[in-house]
Amino acid sequence: MATIEVTEKNFNEIADEGIVLLDFWASWCAPCRTFGPIFEKSSEKHGDIKFGKIDTEAEQGLAQGFEITSIPTVMAIRDGIVVFAQPGVLPEPALEDLIGQVRALDMDAIRAELANELRAQKD
């Protein structure tokens with residue numbers, strides 16, 4: 001699957017279910033141009049994962065909402081929950097490792113942990 005251009009309009013339908021990898025980038029960013037082909041190549045290998053690119057210049061609301069302060073930033077979302085976010089260029093082996101780790105997550109345990117945190121905040 002090729003990468004998807006993610007905007008404020010289509011974000012929720014893209015990020016609500018399954019595994020989604022996002023690349024926050026800008027055209028003027030040299031490291032972003034280095035990471036772009038790595039991200040694209042990975043998107044072609046993993047057809048079951050949605051790969052989205054968010055142009056931080058065009059989609060400033062999304063960038064601000066996720067508190068993106070450095071680009072490129074790679075973010076992983078699984079079943080609507082952000083499970084990873086890190087600025088910087090990821091080499092291809094590191095991106096593949098990240099994908100493996102996101103696939104292996106126990107989402108029931110993560111949802112339970114989030115529910116416990118919410119209860120603790122209310123108390």
_I77 versus F11, closest heavy-atom pair with distance_ = CD1-CZ, 4.0 Å
*Does a side-chain heavy-atom distance below 4.5 Å link R103 with D48?*
yes
_Check: E40/T3 side-chain N/O donor and acceptor closer than 3.5 Å_ = yes
*Inter-residue atom distance E57.CD - W25.CH2, 0.5 Å rounding*: 9.5 Å
*If you draw a 6.0 Å radius around CD in E67, do more than 12 non-hydrogen atoms from other residues or ligands fall strictly inside?*
no
*Test side chain to side chain contact (heavy atoms under 4.5 Å, CB included) applied to I38 and L90, step by step*: CA-CA 8 Å; I38 296 167; L90 287 180; over 6 Å; no
*Taking all heavy atoms of T56 and all of A26, pick out the closest pair and write down the distance.*
OG1-CB, 3.7 Å
*P72 and V89: which non-hydrogen atoms are nearest, and at how many Å?*
CG-CG2, 3.9 Å
*Does the side chain of I54 come within less than 4.5 Å of F66's, by heavy atoms?*
no
*CA sep, side-chain torsions, deciding dist, call: E117, L114, side chain to side chain contact (heavy atoms under 4.5 Å, CB included)*: CA-CA 5 Å; E117 287 176 14; L114 289 172; 4.1 Å; yes
*Plane angle bin for H46 and F51 - parallel if under 30°, tilted between 30 and 60°, otherwise perpendicular*: parallel
*Nearest-0.5 Å distance that lies between atom CG in L95 and atom NZ in K41*: 11.0 Å
*asked:* When you group the ILVMFWY residues by side-chain heavy-atom contacts below 4.5 Å and let the links chain together, are F24 and W28 in the same group?
replied: yes
*Closest contact, heavy atoms only, T7 versus L62*: C-CD1, 3.6 Å
*Which value, rounded to the nearest 0.5 Å, describes the distance between L21 atom CG and L98 atom CG?*
6.0 Å
*asked:* I need the D23 CG to T73 OG1 distance, nearest 0.5 Å.
replied: 8.5 Å
*asked:* Donor-acceptor pair, distance only, cut-off 3.5 Å: does the side chain of E8 make one with the backbone of E59?
replied: no
*Would the number of heavy atoms belonging to other residues, nucleotides or ligands and lying under 6.0 Å from CD of E113 be above 12?*
no
_Over 12 foreign heavy atoms within 6.0 Å of CD, E5_ = no
*Would you please say whether a donor-acceptor pair under 3.5 Å links the side chains of E96 and S42?*
yes
*Closest approach of R78 and V102, non-hydrogen atoms and distance?*
NH1-O, 2.8 Å
*Is any side-chain heavy atom of E17 closer than 4.5 Å to a side-chain heavy atom of K50?*
yes
*How many angstroms lie between atom CD1 of I4 and atom CG of N10, to the nearest 0.5 angstrom?*
7.5 Å
